[in-house]
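Notes follow once the structure below has been shown.
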Amino acid sequence: QVQLVESGGGLVQAGGSLRLSCAASARTFSRYTMGWFRQAPGKEREFVATINWSGGTTDYTNSVKGRFTISRDTSKNTVYLQMKNLKPEDTAVYYCAASRQSELGYLQEVYVYWGQGTQVTVSS
């Protein structure tokens, strides 16, 4: 069982930055591919970013490429999402998730553990 706890959300003006953190309880954290998803009001949850177990490979949804960076610190059992040049359309609840597969994960179905989410609100 892996518990994931997100933090770092908040209210920011357009063009601002936030860094989300996701702390994992498992000692085997390094074995999991990790992902960030988000759900805006009235919309379905969508993929944002993913990072493989070693941290050597990452990928992003097109709308955040060049603005968001996913990273992980195995020594701290934590995955991060650095968000820059935020836009009002980035407003959503952001969730981190853990997958047992070794390759990058784009689909929610491959993730077995989820955090409770953290709210990000970007004002115009």
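The figures here come from the full heavy-atom set of this structure, side chains too, leaving out hydrogens, waters and symmetry mates.
Among pairs with a residue in residues 71-85, none fulfils salt bridge (Lys or Arg N to Asp or Glu O under 4.0 Å), at least two apart in sequence or across chains. Within the structure, the disulfide (SG to SG under 2.5 Å) test picks out no pair touching residues 24-85 (sequence neighbours left out). Residue pairs meeting the salt bridge (Lys or Arg N to Asp or Glu O under 4.0 Å) criterion with at least one partner in residues 33-55, sequence neighbours excluded, are Arg38-Glu46, Arg38-Asp90.
Residues forming a side-chain hydrogen bond (donor to acceptor under 3.5 Å, both in side chains) with Tyr32 (at least two apart in sequence, or on another chain): none. For Asp59, the side-chain hydrogen bond (donor to acceptor under 3.5 Å, both in side chains) test picks out Tyr106, with sequence neighbours left out.
No more than 12 heavy-atom neighbours from other residues, nucleotides or ligands sit within 6.0 angstrom of CD on Gln3.
Between Phe68 and Trp36, a ring centre-to-centre spacing not shorter than 6.0 Å is recorded.
Between the Thr33 side chain and the Glu103 main chain, a donor and an acceptor come within less than 3.5 Å of each other. Side-chain atoms of Gln108 never come within 3.5 Å of backbone atoms of Tyr111 as a donor-acceptor pair (strictly under, hydrogens ignored). Side-chain N or O atoms of Thr91 include one that pairs as donor or acceptor with a backbone N or O of Val122 at under 3.5 Å.
Within the 4.5 Å cutoff, no side-chain heavy atoms of Thr50 are placed close to those of Met34. In this structure, Gln116 and Glu6 have side chains that are in contact, with non-hydrogen atoms separated by less than 4.5 Å. Counting only heavy atoms from C-beta outward, the side chains of Tyr113 and Gln1 approach each other to under 4.5 Å. Annotation: side chain of Ile51 is not in contact with side chain of Thr57 (no heavy-atom distance under 4.5 Å). By the 4.5 Å heavy-atom criterion applied to side chains, Thr69 and Leu81 are not counted as neighbours.
Trp114 and Trp53 end up in different hydrophobic clusters when Ile, Leu, Val, Met, Phe, Trp and Tyr side chains are linked at under 4.5 Å. Residues Ile70 and Val2 share a hydrophobic cluster, clusters being chains of Ile/Leu/Val/Met/Phe/Trp/Tyr side chains in contact below 4.5 Å. Residue Val93 is not grouped with residue Tyr80 when hydrophobic side chains (ILVMFWY) are merged at heavy-atom distances under 4.5 angstrom, including chains of intermediate members. Both Val48 and Val112 belong to a common hydrophobic cluster when Ile, Leu, Val, Met, Phe, Trp and Tyr are linked at side-chain heavy-atom distances under 4.5 angstrom.
In this structure, Ser30 OG and Asn77 CG are separated by 8.0 Å, a value rounded to the nearest 0.5 Å. Rounded to the nearest 0.5 Å, atoms CZ (Phe37) and CG (Leu107) are 7.5 Å apart. A distance of 10.0 Å separates OG in Ser123 from CG in Leu86, rounded to the nearest 0.5 Å.
Pairing each heavy atom of Ala24 with each of Phe29, the nearest pair is CB-CD1, 3.4 Å.
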Original post:
Given Phe47 and Tyr60, is the ring-ring contact (aromatic ring centres under 6.0 Å, His included) satisfied, shown in steps?
Top reply: CA-CA 8 Å; Phe47 165 77; Tyr60 305 86; 8.2 Å; no

For residues 8-23, dump all side-chain donor-acceptor pairs below 3.5 Å to protein atoms at least two apart in sequence or in another chain.
none

